[in-house]
Amino acid sequence: MSNVVRAAGLVIYRQVAGKTEYLLLQASYPPYHWTPPKGHVDPGEDEWTAALRETKEEANLDRTQYTVHEDCHETLYYQAKRKAKSVKYWLAKLNNPDDVKLSHEHQSWKWAELEETVKTADYKEMEDLFRKFAAYIAKL
Ligand SMILES: Nc1ncnc2c1ncn2[C@H]1C[C@H](O)[C@@H](COP(=O)(O)OP(=O)(O)OP(=O)(O)O)O1
Ligand SMILES: [Mg+2]
């Protein structure tokens with residue numbers, strides 16, 4: 001489906017004091033929605049490369065700072081700006097609870113446990129994705 005706008009990102013989580021928290025970034029433009037770090041796949045780029053690049057650009061986290069669960073991934077499909085869009089997310093664990101530095105595309109970030117995460121992210125498919133990834137983490 002070449003008419004689909006493709007994007008990719010990483011659902012980053014950290015474990016602190018027995019709690020699992022997910023990283024959400026808030027867009028600096030309407031509707032000021034919250035998502036994991038992600039963005040458009042560049043021409044000639046694959047989703048994996050885009051997911052890592054966007055995580056660096058948006059959250060200033062590089063490949064040495066997290067461990068990707070390569071077998072845990074999910075693709076969301078939705079309409080964005082009247083175009084069909086796909087977003088492939090992999091699950092990745094932050095190795096150390098480092099500080100996250102924001103890109104100009106975002107105005108805020110937070111670490112939140114599952115229930116707050118799904119309330120904040122606010123889209124049904126996103127909620128399903130987080131619950132699936134949380135179940136994966138629970139079995140590790
Ligand atoms: N899971 C979702 N389901 C439905 N709509 C969503 C979802 N996530 C975001 N949206 C909405 C919010 C915006 O109005 C629009 C585009 O948001 P989004 O896909 O996050 O792209 P974006 O252009 O803001 O950033 P990016 O460049 O990181 O892909 O779609
Ligand atoms: Mg983005």
Side-chain angles (χ1 to χ4, degrees):
M1 291 210 289
S2 56
N3 56 336
V4 173
V5 175
R6 291 189 308 150
L10 295 182
V11 169
I12 302 270
Y13 73 99
R14 67 178 187 182
Q15 286 179 317
V16 278
K19 293 184 302 182
T20 300
E21 297 177 331
Y22 301 90
L23 177 63
L24 291 174
L25 308 178
Q26 185 177 29
S28 57
Y29 42 85
Y32 307 102
H33 52 296
W34 296 79
T35 72
K38 61 105 177 66
H40 293 97
V41 177
D42 284 341
E45 192 180 41
D46 60 23
E47 272 144 325
W48 173 259
T49 307
L52 272 51
R53 177 181 54 71
E54 290 285 348
T55 298
K56 176 63 184 169
E57 289 176 10
E58 298 195 341
N60 200 38
L61 295 172
D62 62 50
R63 191 69 183 84
T64 62
Q65 290 172 280
Y66 54 78
T67 306
V68 185
H69 300 288
E70 293 189 34
D71 60 334
C72 185
H73 53 81
E74 189 71 34
T75 303
L76 302 185
Y77 297 93
Y78 54 92
Q79 293 284 123
K81 293 161 202 151
R82 285 193 229 99
K83 284 185 180 163
K85 180 170 185 176
S86 70
V87 189
K88 182 169 185 177
Y89 286 105
W90 281 268
L91 179 65
K93 180 181 183 171
L94 195 64
N95 298 328
N96 299 300
D98 305 69
D99 258 349
V100 170
K101 194 168 148 267
L102 282 182
S103 79
H104 66 277
E105 288 171 45
H106 299 96
Q107 59 177 21
S108 185
W109 83 92
K110 66 166 142 186
W111 289 99
E113 288 187 82
L114 182 62
E115 294 309 320
E116 188 187 344
T117 295
V118 299
K119 256 182 243 156
T120 305
D122 203 32
Y123 297 101
K124 178 68 171 96
E125 287 75 18
M126 193 81 246
E127 171 172 357
D128 294 345
L129 182 151
F130 274 116
R131 293 197 186 282
K132 181 184 156 175
F133 284 13
Y136 178 98
I137 295 167
K139 284 197 213 113
L140 288 173

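Both counts, for ligands and for their atoms, begin at 1 and track the order of listing. This one's a predicted model, so the numbers in the text were calculated from it and none came from an experiment.
A salt bridge (Lys or Arg N to Asp or Glu O under 4.0 Å) with Arg53 holds for exactly one of Glu58, Glu45, Glu47; it is Glu45.
In this structure, the side chain of Thr117 engages the main chain of Ala112 through a donor-acceptor pair within 3.5 Å.
At least one N or O atom of Tyr78, backbone or side chain, sits closer than 3.5 Å to an N or O atom of ligand 1. Taking distance alone, with nitrogen or oxygen atoms compared against 3.5 Å, His40 approaches ligand 1 more closely than that limit.
Nearest protein heavy-atom contact of atom 18 (P) of ligand 1 is Lys85 NZ, 3.4 Å. Given atom 14 (O) of ligand 1, the protein heavy atom at minimum distance is Pro31 CD, 3.5 Å. Closest protein heavy atom to atom 22 (P) of ligand 1: Tyr29 OH, 3.5 Å. If you check which protein heavy atom lies closest to atom 28 (O) of ligand 1, you get Lys38 O, 2.8 Å. Closest to atom 16 (C) of ligand 1 among all protein heavy atoms lies Ala80 CB, 3.8 Å.
Among the atoms of Glu54, no N, O or S atom is found under 2.8 Å from the Mg ion (ligand 2). Metal site remark for the Mg ion (ligand 2): Lys38 contributes an N, O or S atom at a distance under 2.8 Å.
The residue from Trp34, Tyr32, Tyr123 that puts a heavy atom closest to atom 9 (C) of ligand 1 is Tyr123. Taking all heavy atoms of His106, Lys81, Glu58 into account, the minimum distance to atom 23 (O) of ligand 1 is reached by Lys81.
Smallest separation of non-hydrogen atoms from Lys110 and Trp34: CG-CZ3, 3.7 Å.
Criterion: ILVMFWY side-chain heavy atoms under 4.5 Å apart, direct or through other members. Under it, Val87 and Val68 are not part of a common hydrophobic cluster. Under the 4.5 Å side-chain heavy-atom criterion for grouping Ile, Leu, Val, Met, Phe, Trp and Tyr, Leu25 is not connected to Tyr123 through any hydrophobic cluster.
Using a 4.5 Å cut-off on side-chain heavy atoms (C-beta onward), Tyr136 and Leu91 make contact.
Side-chain contact of Tyr13 with His69: a donor-acceptor pair under 3.5 Å is present, judged by distance alone. Side-chain contact of Gln15 with Thr20: a donor-acceptor pair under 3.5 Å is present, judged by distance alone.
Here His33 has side-chain heavy atoms under 4.0 Å from ligand 1, and that is the only part of it that gets that close.
Ligand 1 lies out of reach of Ala27, whose nearest heavy atom is not under 4.0 Å from it.
With respect to the Mg ion (ligand 2), Glu58 has OE2 as its nearest N, O or S atom.
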| Stepwise ring-ring contact (aromatic ring centres under 6.0 Å, His included) test for Trp48 and Trp90 | CA-CA 8 Å; Trp48 173 259; Trp90 281 268; 5.1 Å; yes
